[in-house]
Amino acid sequence: MRERVTLNSPRRTLTVGRSVKADVTVDDEHVAPLHASIEITSDGRILATDLGTTNGIIVSGKRYHAARDMELAGRELQVGRTRLRVRTEHQELSPEKADLFDVAARFHDPAWLAAACLLALGAQLAYSSWLVAPQDLTATMVSLLGSMALVLALWVFVWALLSRVMRGEWSWLRHIAISAGALAIYLCVDSLFDISMYVFSLPTPDRNIAWLGAMALGCAVCLHLIHASSLGTRSSIQIAAIVALAVLAIGYWRFQRPLEREVNYIASNIRIYPAYLRLSAAQSAETYYQSLTGLRDAADKKVQAAIAEDPDPDDIRPVEGD
Amino acid sequence: MKMRRGRILPFIVAAIVIFLDTAYAQEPPLPFQSVASATSESAREILGRVRPSVIMISGFYGTNSAPAFHGTGFSVTADGAFLTNYHVVAELVTLPGKYRLEYRTNEGKTGKLQVVVVDVRHDLAVVRADDYAAPPLKIASSNPEKGERAFSVGFPLDVGLTITEGISNGLVQDSFEARLHYSGAINAGMSGGPAFDASGNVIGINVSGYFLQQLVSFLVPVDRAKSLIARASGPLPDAEMLKADVLAQVRAHSNDLLGALDGPIKTQVVGGFILPAQLAPFVDCSASGDTSSNRPVDRVRIECNGKAGIQLRPGFVVGDIHYIHTILTDSKLGSWRFANRLSAFSAASGRFGLRQHLGPFACETRAIKLKGFDANAIVCARGYRKLTGIYDFTVRVVSLSYPDRGFVSHLDLSGLEFDSGLAFVQRFLESMESQP
């Protein structure tokens, strides 16, 4: 809230309060109808006077009751819960700050955003290609890039088309930024997760990738919806959450569940990093051997569960002639 | 024309004779005619004598009149007991009620058969016919010498009773269960048939041949069947008794296998690590490496196979050991990419098994301290649906300590009792060491 009050030479005082009779009206229930008066002296000093209120006035963080002619060194006065800044023509202001690189403004420009996201994605691809190098670096790069670009283009096209239909504009750059950004962040978080699992010698659970992937998909769908349709933020989030959960559920039923029932499957997707990254010490072998005795019960339980679920799985006919 | 042909023919004959003569120049002249007649005479004699005692054994699914599988059997008692392979009757033992077993003599007589006793470990079984008996075949008193002539009889494919001739090559060296090596043809359907020495005594039971190899076939030495033949006249067991017997034999095999692997683990030095090597004479190891000189990492792969397994059903083998070491040494990659390369070999999977026999794996993964280095270890166990108290183990170890050398080891153990199996896993891990 800004209010300009002109004070002439005979009149050097103005009042602050909740009432419309005050020169500056403050809509704050902790402020009295006429709360304080502010006087500007001829030499530019600012003096505040409490007009007999319950809460008093707060100057430089301290509360004063029944104060008279308090000088406002910091040109700030708090009445009730409202902070007022007093600015006079006597005040010398510092020159404006130089705008060296307006990141926030750039960030709202979809072209810059899309470029940054694509760059991040490219960096990820370059890293994963470098990891498996020198096994034909260019071939890996091209095949990875090609397939990813194709999928990304298709995805972006669908959303751009939706934008065009619903809002009359394609918004190409925005959709590119959203999808590339979500993918880049997902890949990055996934590798960070991998590395931290290794750093702290934790067993890598199998389903992280699925959870992370579903979350990234949900975020992307949500942002796409906000920018492509007339739906509000709340319904976009709801739809995105439903999509992500549905994908997760389908993925679990289609892939993870059969894997868990597959008798030759072992969850062991360990990724190894250099030894200097390991922070927590390895366990003694003896402790590990002791923990292995529990495998008998665990294996028995799994057999029992498998039998309970399907007592007589499909049989295979023997080969003719023995 | 006639004159000319008459003149040319002697030249052709002479040329052939000269050719044969040079081909066999180093050999004494071969009396082709007389040898051929001598062998066929002997084979004919044997076949004529054993013909009524050899039967074709067929398994039928449900009430079908067409067979599902077949093998061969031969008479071992005068009251209708026939010896055959366990794998010929395996389906009747493991899936009681699904199949029925019938015999068919060479003369075409058919009838029902019942399983009396099985020996899974030696792949032998005795079946009995109620309405057919034949003179028992004479059993040889000792294993034949290497190089002795031998014969094998059976019903291969669907071509009827057949005799093949070959050479006995004595006991197979370093095999877990005793096997006679017979250099002669044994084809599908001859399983369970008798093999004879030159004097017509049974020396073994046809059991297997190598697919796509030439005349490398195997017999179960007949002395392994003696205790089974002694039980051939016993009472008929029910399905549960047979299964319990099979389970006991799997346990006994488990104990024998681990007994054979007992003692200090033999190791070898490779890539700066000390790793389990050929653990016993019956374990078959092979090693290979990258030969290209411009590879970023040097890779050595050592694979060992116990070949000790016993087949409970087609595709259902238990009681064996198998392990692979992959050792990597870096020359150009740097620690970050070297670690990634090592990860590429670290995926674990169990020895292939079927859902109808097994449960899923239960696993423990941990970074542990081994001798002189840290490793990521995963040990998994899975139980069997019907073989109670028998487990498979899978172990995967990846070294973590070095930026420029490392290894991944996989160990598969199948069909073992839990405590002894786990004890072996522990010994296997403890034997691994890093050279400073």
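Keep in mind the model is a prediction, meaning the values are calculated, not measured. In what follows, every chain begins at residue 1, and chains take the letters A, B, ... in the order their sequences are listed.
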Q.
As an exercise: rank A:P274, A:A306, A:A275 by heavy-atom pairs under 4.5 Å with chain B and give me the winner.
A. A:P274
**Q.** Heavy-atom pairs under 4.5 Å with chain A, option from B:G350, B:G154, B:A347, B:P360 with the top count
**A.** B:P360
**Q.** Part of B:L370 lying under 4.5 Å from any heavy atom of chain A
**A.** side chain
(Q) Can you tell me how far apart CG (A:D300) and CZ (B:R382) are? Round to the nearest 0.5 Å. (A) 14.5 Å
Q: Supply the atom-to-atom distance A:R278 CZ to B:S401 OG, rounded to the nearest 0.5 angstrom.
A: 6.5 Å
Q.
What's the separation between atom OG1 in B:T365 and atom OH in A:Y288, rounded to the nearest 0.5 Å?
A. 6.0 Å
Q | side-chain contact (heavy atoms from CB on, under 4.5 Å) assessment of A:Y273 paired with B:S335 | A | CA-CA 8 Å; A:Y273 294 91; B:S335 59; over 6 Å; no
Q: Hey, could you give me the CD1/CD distance between B:I368 and A:E286, rounded to the nearest 0.5 Å?
A: 9.0 Å
Q. In terms of heavy-atom pairs under 4.5 Å, which option from B:T388, B:D419, B:L400, B:L342 contacts chain A the most?
A. B:L400
Q) Which residue out of A:G294, A:A298, A:S291, A:S284 racks up the most heavy-atom pairs below 4.5 Å with chain B? A) A:S291
Q: Determine yes or no for a side-chain-to-main-chain donor-acceptor pair under 3.5 angstrom, with A:N264 supplying the side chain and B:G353 the backbone.
A: yes
Q. Do you know which two heavy atoms are closest between B:R355 and A:R261, and how far apart they sit?
A. CD-O, 4.1 Å
Q: Look at B:N85, B:N340, B:V425 and state which one has the largest set of heavy-atom pairs under 4.5 Å with chain A.
A: B:N340
Q) Top residue by heavy-atom pair count (under 4.5 Å) with chain A, among B:C363, B:A362, B:P403? A) B:A362
Q.
Can you tell me which portion of A:R296 sits under 4.5 Å from chain B's heavy atoms? Options are side chain, backbone, both or neither.
A. both
Q. Are there more than 12 heavy atoms of other residues, nucleotides or ligands under 6.0 Å from atom CZ of B:R104?
A. no
Q: Let me know if A:F200 has heavy atoms under 4.5 Å from chain B in its side chain, its backbone, both or neither.
A: neither
Q | Test item: A:K302 side-chain N/O and B:F361 main-chain N/O as donor-acceptor pair under 3.5 Å | A | yes
Q: Pick one of side chain, backbone, both or neither for B:V207, based on which atoms fall under 4.5 Å of a heavy atom in chain A.
A: neither
Q) For B:A377, is it the side chain, the backbone, both or neither that has a heavy atom under 4.5 Å from a heavy atom of chain A? A) both
Q) Of all of B:F155, B:F352, B:F338, B:Y384, which one pairs up most often with chain A through heavy atoms under 4.5 Å apart? A) B:F352
Q) How far apart are the closest heavy atoms of A:L292 and B:F418, and which atoms are they? A) O-CZ, 3.9 Å
Q. For A:T287, is it the side chain, the backbone, both or neither that has a heavy atom under 4.5 Å from a heavy atom of chain B?
A. neither
Q: Any chance you could lay out the side-chain contact (heavy atoms from CB on, under 4.5 Å) test for A:L295 and B:E364, step after step, and finish with the verdict?
A: CA-CA 8 Å; A:L295 283 179; B:E364 279 288 340; 4.0 Å; yes
**Q.** Part of B:T394 lying under 4.5 Å from any heavy atom of chain A
**A.** side chain
Q.
Quick check against the 3.5 Å criterion: does B:Y391 have a side-chain atom that pairs as donor or acceptor with the backbone of A:A299?
A. no
**Q.** CD1-CZ distance between A:I270 and B:R396, expressed to the nearest 0.5 angstrom
**A.** 5.5 Å
(Q) What's the separation between atom CD1 in A:I272 and atom OG in B:S346, rounded to the nearest 0.5 Å? (A) 4.5 Å
Q: Tell me, for B:L422 versus chain A, whether the close heavy atoms (under 4.5 Å) come from the side chain, the backbone, both or neither.
A: side chain
**Q.** Contact origin within B:L157 toward chain A - heavy atom pairs under 4.5 Å
**A.** neither
